[in-house]
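Heavy-atom basis, side chains included; hydrogens, waters and symmetry copies ignored.
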Amino acid sequence: MLKFVKTWRCWVMGSEWKEISLQTFINFNPKESIPKGMLKKKVSMDALIPFNKKIPSYSNERYYGGAKFRNGDVIMARITPSLENGKTALVNIFEKDETGFGSTEFIVLRAKEGVSNKDFIFYLSTYRLFRNIAIHSMTGSSGRQRVQLDVLKRSIFKLPPLPEQKVIAHILGTLDEKIELNRRMNATLEQMAQAMFKSWFVDFDPVIDKALAAGNSIPEPLQNRAEKRKALGDKRKPLPEDIQKLFPDAFEFSEELDKWVPKGWEVKPVDKMIQINPRVTLRKETIAPFVDMKALPTSGYSVSNVISKEYKGGAKFEKDDVLLARITPCLENGKAGVVDFLNEGEVGFGSTEFIILRGKEAVKTPFIACLIRDSKFRKHATQSMVGSSGRQRVQNACFSSYYLATPDDVLLNNFDRLISSNFKTITQNKEEINTITNLRDTLLPKLISGEIRIPEAHYILRTEANLNMAAEEAITFTRK
């Protein structure tokens with residue numbers, strides 16, 4: 001291995017980076033043909049996640065105009081504020097030889113055979129210097145400014161030869177893949193938690209299962225659910241015996257909910273189970289962690305981009321509190337998150353448009369986090385909004401008018417015990433995502449500019465905890 005690294009270092013240091021114009025290196029807006037009216041995959045500007053290589057979604061629409069592209073092309077916003085916000089992606093959603101289209105406000109960047117590498121072009125397009133040239137070239141009326149493509153095409157960059165481009169792209173891509181893997185893992189853990197909450201506290205599956213096993217009657221409104229449970233047969237995974245015995249095997253009718261609920265469960269409003277905007281003290285002018293509305297996710301629970309700033313006002317919260325947007329359209333868009341970024345006793349603050357939720361007694365953070373993602377609860381909160389158009393807000397009274405059938409503390413504590421591990425792993429994965437993202441963002445400009453070379457990047461990867469695999473993969477790739 002050491003002999004190989006030395007050989008690679010000599011080859012890289014001896015390789016020449018040449019100053020060339022971008023139009024020599026990149027094929028801008030390459031010509032493609034799509035017949036008018038043909039049904040094709042379309043990528044909208046809204047579909048792109050800032051500075052994310054993947055295209056998360058697309059639609060099937062008839063083509064009547066727009067930027068055309070293929071797999072391997074990079075699409076980059078040319079209009080403000082989408083460009084500044086990082087709307088850029090590497091296309092990888094088509095079948096072989098398939099062509100699709102997207103917003104007319106995309107610039108399409110394609111690699112030139114034998115000259116440039118598609119993945120390297122993606123990372124080049126996210127490089128600060130590249131982006132600054134594009135941003136500073138913009139002209140047009142306020143709010144509708146666009147990149148002058150000729151300025152970008154004529155820009156001169158010192159760029160590496162093709163073999164080195166591939167290795168640079170592979171190193172950065174390996175880090176991106178690890179970030180994406182952690183995101184997918186968190187999405188799965190979140191879905192598992194949500195599914196268990198719905199099964200236990202909304203659909204009452206364990207009670208239905210016990211009633212069926214005991215031969216007890218199933219109320220007519222629950223018959224369809226019972227038939228679905230029976231149809232699962234052996235695929236229906238029974239709960240551990242010690243958990244299963246905590247559920248009743250029969251139902252009773254609740255006047256408050258106007259429906260059948262597990263026998264013996266108490267029906268009570270959410271505000272009897274959860275503290276709404278609990279009192280928290282934070283002195284004015286104190287520097288504390290701050291979360292704005294943009295930092296809340298629209299799915300999942302992971303809050304991002306926490307900064308420190310001086311407290312002058314806003315919603316205050318502590319570790320394990322749950323944040324919920326109270327204003328339209330943030331609530332409808334799903335803005336919510338868990339405070340897993342503070343230490344015990346530490347206080348943070350955020351937007352005045354947050355509602356802070358904190359559990360009482362056996363109701364803990366995982367239960368609340370699942371509740372605020374439940375579609376019925378969100379519909380109820382949305383319907384409670386009042387105010388002028390575009391500035392409607394959830395009223396705290398909505399928490400006293402939403403009722404839940406809840407078991408005793410023993411069962412609630414077991415739910416927390418089983419699900420809290422999901423949330424701990426989600427937090428660990430998020431922290432690793434932040435670490436790897438910072439490493440990638442540090443390496444990217446240094447590698448793209450030639451400030452550091454492959455052996456130095458390899459050393460940095462090898463010395464970072466838990467990133468040995470990324471380093472080994474990068475080295476293996478250079479052997480090919």
Side-chain angles (χ1 to χ4, degrees), residues 1 4-28 51-54 71-76 86 88-92 109-134 152 155-181 435-464 467-480:
M1 178 68 74
F4 170 75
V5 172
K6 286 181 177 177
T7 303
W8 171 246
R9 181 181 288 110
C10 292
W11 184 86
V12 170
M13 296 305 290
S15 65
E16 293 185 5
W17 288 42
K18 296 181 179 179
E19 288 191 345
I20 57 175
S21 65
L22 287 179
Q23 63 187 347
T24 305
F25 190 76
I26 297 169
N27 187 2
F28 287 88
F51 300 107
N52 193 304
K53 200 173 185 180
K54 305 279 187 182
N71 279 348
D73 290 343
V74 173
I75 51 177
M76 181 181 82
T88 310
L90 179 63
V91 181
N92 189 28
L109 316 174
R110 180 175 295 174
K112 291 192 173 185
E113 188 173 353
V115 175
S116 50
N117 170 264
K118 60 182 176 60
D119 295 276
F120 182 86
I121 288 176
F122 168 77
Y123 290 112
L124 177 64
S125 70
T126 64
Y127 175 39
R128 185 185 66 255
L129 179 58
F130 184 102
R131 298 180 61 76
N132 283 346
I133 290 172
L152 198 57
S155 298
I156 305 296
F157 278 75
K158 194 170 186 178
L159 297 167
L162 186 56
E164 199 166 352
Q165 292 174 43
K166 292 179 179 179
V167 181
I168 290 171
H170 183 75
I171 291 173
L172 297 172
T174 300
L175 298 175
D176 269 335
E177 286 170 10
K178 176 59 176 170
I179 292 169
E180 183 62 25
L181 176 63
T435 298
I436 299 173
T437 300
N438 289 335
L439 176 60
R440 181 203 62 196
D441 292 347
T442 299
L443 283 177
L444 191 152
K446 294 178 183 294
L447 283 167
I448 295 291
S449 66
E451 181 180 339
I452 65 172
R453 307 299 284 270
I454 303 302
E456 295 168 278
H458 166 249
Y459 175 77
I460 292 170
L461 290 175
R462 287 300 299 264
T463 54
E464 289 288 336
L467 292 178
N468 287 341
M469 184 178 294
E472 291 300 330
E473 287 182 357
I475 284 295
T476 302
F477 182 83
T478 62
R479 287 175 169 160
K480 298 178 181 178

Minimum heavy-atom distance [X]-[Y], with the two atoms named:
X: A111; Y: I121; answer: CA-CD1, 3.4 Å
X: L90; Y: G72; answer: CD1-O, 3.5 Å
X: R131; Y: S125; answer: CG-O, 3.2 Å
X: N27; Y: K112; answer: N-CE, 3.8 Å
X: R110; Y: D73; answer: NE-OD1, 2.7 Å

Taking the side chain as C-beta and beyond, is there a heavy-atom pair between [X] and [Y] under 4.5 Å?
X: L124; Y: I26; answer: yes
X: M76; Y: L152; answer: yes
X: T437; Y: I179; answer: yes
X: L172; Y: D119; answer: no
X: L159; Y: F120; answer: yes

Hey, is the main chain of [Y] close enough, under 3.5 Å, to the side chain of [X] for a donor-acceptor pair?
X: S116; Y: F25; answer: yes
X: Q165; Y: N117; answer: yes
X: K53; Y: Y123; answer: no

* With under 30° as parallel and over 60° as perpendicular, where do the rings of Y127 and F157 fit, or are they tilted in between? ->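 Because their plane-to-plane angle is over 60°, the rings of Y127 and F157 count as perpendicular.
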Rounded distance (nearest 0.5 Å) linking atom [atom1] of [X] with atom [atom2] of [Y]:
X: E456; Y: L443; atom1: CD; atom2: CG; result: 10.5 Å
X: L22; Y: L109; atom1: CG; atom2: CG; result: 9.0 Å
X: Q23; Y: I156; atom1: CD; atom2: CD1; result: 8.0 Å
X: T442; Y: L447; atom1: OG1; atom2: CG; result: 10.5 Å
X: K178; Y: L439; atom1: NZ; atom2: CG; result: 13.0 Å
X: N132; Y: R128; atom1: CG; atom2: CZ; result: 7.0 Å

* **salt bridge (charged side-chain N to carboxylate O under 4.0 Å, His left out) pairs, two or more places apart, involving residues 437-448** =>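 For residues 437-448, and leaving out neighbouring residues, the salt bridge (charged side-chain N to carboxylate O under 4.0 Å, His left out) pairs sorted by first residue read D176-R440, K446-E451.
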* Check the pair T24 / V115 against side-chain contact (heavy atoms from CB on, under 4.5 Å), numbers first and verdict last. => CA-CA 9 Å; T24 305; V115 175; 5.7 Å; no
* **Other residues, nucleotides, ligands: >12 heavy atoms within 6.0 Å of K54 NZ** =>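 Open: at most 12 neighbouring heavy atoms sit under 6.0 Å from NZ of K54.
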